[in-house]
Each structure stands twice: as structure tokens, then as C-alpha cells.
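Structure first, commentary second.
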Number of protein chains: 2
Amino acid sequence: MRSLQEKIINEGRVLSSQVLKVDSFLNHQIDPQLMKEIGEEFAQLFAGEKVTKILTLESSGIAPSVMAGLALNVPVVFARKRQSLTLTENLLTAEVYSFTKKETNRIAVSASFITGEDHLLIIDDFLANGQAALGLLDIADQAGASVAGVGIVIEKAFQDGARLISERGVRVESLARIQSLENGKVTFAAKE
Amino acid sequence: MRSLQEKIINEGRVLSSQVLKVDSFLNHQIDPQLMKEIGEEFAQLFAGEKVTKILTLESSGIAPSVMAGLALNVPVVFARKRQSLTLTENLLTAEVYSFTKKETNRIAVSASFITGEDHLLIIDDFLANGQAALGLLDIADQAGASVAGVGIVIEKAFQDGARLISERGVRVESLARIQSLENGKVTFAAKE
Ligand SMILES: Nc1nc2c(ncn2[C@@H]2O[C@H](COP(=O)(O)OP(=O)(O)O)[C@@H](OP(=O)(O)OP(=O)(O)O)[C@H]2O)c(=O)[nH]1
Ligand SMILES: Nc1nc2c(ncn2[C@@H]2O[C@H](COP(=O)(O)OP(=O)(O)O)[C@@H](OP(=O)(O)OP(=O)(O)O)[C@H]2O)c(=O)[nH]1
């Protein structure tokens, strides 16, 4: 997605060969107009799919997902990583391992909102090692829901996430694919 | 706001005399079309204000804020309650006390995104004791930013938050105001 790539080049900061900082438009400050374009792009990519609901993860997944939900006219459910005042019963959970923190975290979704009738579009901001996305796919399985695919804003193609998801037979659509963050520079993967 | 009140009556669940559960459209599952209407309502209420940016708090504040940001054509910044991979430098923080958990939590915003040039609209999903909103006002002060007001989706008018904010001379606009949750029933405050 052109405007997203330009935003990454102009505003992204390469923190290391592993991490790109995009706090100015995606992870801390949000550009609503860009989110709307991102939502519409996901809606177009998955237009043929009869998606019934979007599933994402708090917090950075929420803005792109809500815009995609607006474009597809479907509800959005965000999995929680920590306890909430009202998310207490009927939970579907998955364990998500963090390579950086070397610890496992539990994510949770209410079974009231994802059922076997659903055909889900899973959306997240970054795809790196893929553990969060795999956790959401696990939750979809527990609910008996089918999955139209996984929509990602920024994929780090030099990490394993996309491969792990594709190997499960799930379609992955990334709006920007980064081949390398070496030497402080963003290199996008060649268009397929 | 009419459609919001109807949604609360039809889908809200009164958990106690203190807590209303609206997980089906605001706090876990999100209704994007309703969020868009909410965003447009905030934009109209604060149209005269020359708002430069919206400030909110993860996670439930994000969806209403992003839609308001779209309607006002301004960026949205969400304060974080917990550490994040890239939110590490130049932080403005505030302590937020939780009456329920009886503990204090630190919220953080990067000073890169809120400055003395900003005229902020603060938005959140619920207004109860007001500690989170007061924390965001504290951060606005530290940055030297002026505040157009606080926009709230659901205010529990029987708690002190609105009064505490108004006493600071800050305008509060709540799209739904609940006078009581006694006896399992939602009673809205009379229109002023
Ligand atoms: N900015 C940035 N973030 C990255 C990058 N690679 C991974 N992340 C994010 O880092 C966060 C932490 O990942 P971990 O769960 O610790 O996983 P990992 O070490 O196995 O990658 C996740 O944020 P999250 O769950 O999305 O958190 P939140 O922002 O929603 O709160 C993930 O999306 C990157 O290159 N740049
Ligand atoms: N559903 C619901 N939530 C309420 C109600 N009253 C307060 N809350 C929410 O409860 C959460 C916890 O509040 P605390 O920080 O423990 O504060 P408190 O005990 O002093 O009220 C906050 O969620 P938060 O910060 O918004 O969390 P998140 O949803 O953004 O993760 C607040 O918005 C209510 O009647 N119904």
C-alpha cells in the first residue's frame, strides 16, 4: 500500500535490525485518515469472503480493525491481554509466547462474541514471530469459527510469522512487507 | 445521544448498582457504525474549539477517539497503562488511583506527541470516579497543552468524575448520562 510505505519511510525509525518504530502514526499516535485507508484496503482484499466479524488484539490492532469493520460493516472483537472489569465469564483463551520477554501471556475472548457461525478476518498491526496471530487462530478454532484470513498492517518478512500462518493453510495479506531493517534502513520486500 | 441510549437499554447488562456491562458494543466487541456516530457527535460538540489533537487511554478509549479524530481531521494519541516495546523515551506520566483495585497505576504519553501548541480534546469510554481523566489532564498540563474539554461516551452521574473535572474549569460532554443502576435497571439522568 503506497501511502503506508511512504509513511514508514518518512516517519518510521529503525531502532535495531529487528525493530521498526512507528509510534507517530500506528502504535502511540494514530493517523485516523491513514487508518481509514488501511481499513478500506483490507475490506477490498477480503471482499469476496463473506466475513462476519473481525478479531484483533488490544491495543494497536484496534484502530485498523475498527476502520476495516466500518468498511465491511461487521463488528470488531478485540482479545484482551490482561484482566478487565467486565470480561469475566465464558472465556476462550490462548497462550502467547514472547521471544523478547521470554514469557508466556494469556489472551482472552468471550465465547459470547465468536461462534461457529462466524467467518473471521483476523487483523493486527505487526506480524513478527506470529505468536499473537497463532493465538487468535487457536481461539477461532475453539469457537468453531472459520477464518477468511489474516490482515496485517506491517509484516517483517525476515521473521517467521507469515510462514507459520501460511503453513496452517490460512491466507495472509500484509499491506507493507519489510525485507530488512539492517543498517538503520527500511527495505521493502519486492512485490510478488 | 439517542442511538447510544437505545443500545445501552437493549444490550447493556447491569452487573451491580455500580457497574454497567456494555461488552457487546464498546468494551470487548465494538460496533464500528455506532463508533462513527459517536465520533461525529463529539466533533459537532467541539466544532468551535480548534482542537489540534485527541488524547485518550488504551484500550476502550481508542475506537471512539479514532472516529472523532476522523471527523475532526486530527491525530489521536492514546496513553499507555503498561510498558510497550517502543514507548521508552521522553515520557510524560501520571499516577491514576483505582478505587476498585485499591492501587495506583502509572499512565504514560510521549512528550513528542503532546506539546504547548496543542489544544486537546480528551476522550474516554466511561467516566466514573474520574481518576483516569484527571491523569490525562495532568499530562496535558505537563506538556503545556490547553484543553478544549473532555468527551465521554457513558458517564455514571452518580459518581464524582464529572464534578471533579468541571471543578477544574474543564468542559465535560457525555453522550449518555446514567443517574442510577439500582435494582438492575438503567435510569438516564434527565436532560438539562
Ligand atoms: N513497533 C514495533 N512493534 C513490534 C515490532 N515487532 C513486534 N512488535 C510488537 O512488539 C510487541 C511485543 O511482542 P512480544 O509479545 O514481546 O513478542 P515477540 O518478542 O515474540 O516479538 C507486540 O506489540 P503489540 O501486541 O502490538 O502491543 P500493543 O502495541 O498492541 O500494545 C508486537 O506487535 C516492530 O518491529 N516494531
Ligand atoms: N464496563 C464498565 N466499565 C467501567 C465502569 N465503571 C468504570 N469502568 C471501567 O473500569 C475500569 C477500571 O477502573 P479502575 O481504574 O479500577 O478505577 P475505579 O475502580 O477507580 O473505577 C476502567 O476501564 P478502562 O480503563 O476503560 O479499561 P479498558 O476497557 O480501556 O481496558 C473504567 O473505564 C462501568 O460501570 N462499566
Side-chain angles (χ1 to χ4, degrees), chain A residues 13 15 18-36 39 53-89 98 100-101 108-110 112-114 126 128, chain B residues 13 15 18-36 39 53-89 98 100-101 108-110 112-114 126 128:
Chain A
R13 275 182 47 202
L15 295 188
Q18 304 295 311
V19 182
L20 171 72
K21 183 170 180 166
V22 286
D23 275 21
S24 69
F25 65 89
L26 182 64
N27 293 120
H28 186 37
Q29 176 164 268
I30 300 169
D31 176 342
Q33 185 56 44
L34 178 69
M35 293 302 117
K36 182 167 184 277
K53 194 161 290 196
I54 287 166
L55 176 62
T56 188
L57 187 62
E58 61 177 346
S59 302
S60 297
I62 294 172
S65 295
V66 167
M67 291 302 184
L70 190 68
L72 285 169
N73 197 22
V74 298
V76 174
V77 177
F78 64 95
R80 286 193 176 267
K81 298 172 191 167
R82 48 195 309 240
Q83 255 204 321
S84 117
L85 184 66
T86 50
L87 186 64
T88 48
E89 31 162 42
S98 162
T100 331
K101 300 182 200 110
V109 174
S110 167
S112 308
F113 301 126
I114 308 283
F126 269 92
Chain B
R13 278 184 44 202
L15 296 188
Q18 304 294 310
V19 182
L20 171 71
K21 183 170 177 166
V22 286
D23 275 20
S24 70
F25 63 90
L26 182 63
N27 293 120
H28 185 38
Q29 176 165 266
I30 300 169
D31 177 342
Q33 184 57 42
L34 179 69
M35 293 302 117
K36 182 167 183 278
K53 194 160 290 194
I54 288 166
L55 176 61
T56 188
L57 186 62
E58 61 177 346
S59 303
S60 297
I62 294 172
S65 295
V66 167
M67 291 303 183
L70 190 68
L72 285 169
N73 197 22
V74 299
V76 174
V77 177
F78 63 96
R80 285 194 176 266
K81 299 171 191 168
R82 53 199 304 243
Q83 255 203 323
S84 118
L85 184 66
T86 50
L87 186 62
T88 49
E89 30 164 41
S98 163
T100 330
K101 300 183 200 110
V109 175
S110 167
S112 308
F113 301 126
I114 309 283
F126 270 90

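Below, read A as the first sequence line, B as the second, and so on, with proteins coming before strands; counting in each chain starts at 1. Treat the numbers as computed from the prediction; the structure is a model and nothing was measured.
No side-chain heavy atom of B/Asn27 sits under 4.5 Å from any side-chain heavy atom of A/Leu85.
Contacts between B/Val19 and chain A at a heavy-atom distance below 4.5 Å involve the side chain alone, from C-beta outward. Looking at A/Leu15, the atoms closer than 4.5 Å to chain B (heavy atoms on both sides) all sit in the side chain, from C-beta outward. Interface residue B/Lys36: only side-chain heavy atoms are found under 4.5 Å from chain A. Residue B/Ser84: no heavy atom, backbone or side chain, is found under 4.5 Å from chain A. Residue contact with chain A, scored on non-hydrogen atoms closer than 4.5 Å, is absent for B/Lys101.
Chosen from B/Val109, B/Thr100, B/Leu20, the residue pairing most often with chain A at heavy-atom distances under 4.5 Å is B/Val109. Heavy-atom pairs under 4.5 Å with chain A peak, among B/Ser60, B/Ala63, B/Ser24, B/Ala71, at B/Ser24. Looking only at heavy-atom pairs under 4.5 Å with chain A, the residue among B/Asn73, B/Val77, B/Leu55 that has the most is B/Val77.
Side-chain N or O atoms of B/His28 include one that pairs as donor or acceptor with a backbone N or O of A/Phe78 at under 3.5 Å.
A donor atom on one side chain and an acceptor atom on the other are found under 3.5 Å apart for B/Thr86 and A/Asp23.
Residue pairs meeting the salt bridge (charged side-chain N to carboxylate O under 4.0 Å, His left out) criterion with at least one member in residues 67-87 of chain B, sequence neighbours excluded, are B/Glu58-B/Arg80.
Applying the ring-ring contact (aromatic ring centres under 6.0 Å, His included) criterion to B/Phe25, with sequence neighbours excluded, gives no partner residue.
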inquiry  = Show, in sequence, the C-alpha distance, side-chain angles and deciding distance for A/Val76 and B/Gln29, and conclude whether the side-chain contact (heavy atoms from CB on, under 4.5 Å) test is met.
reply    = CA-CA 6 Å; A/Val76 174; B/Gln29 176 165 266; over 6 Å; no
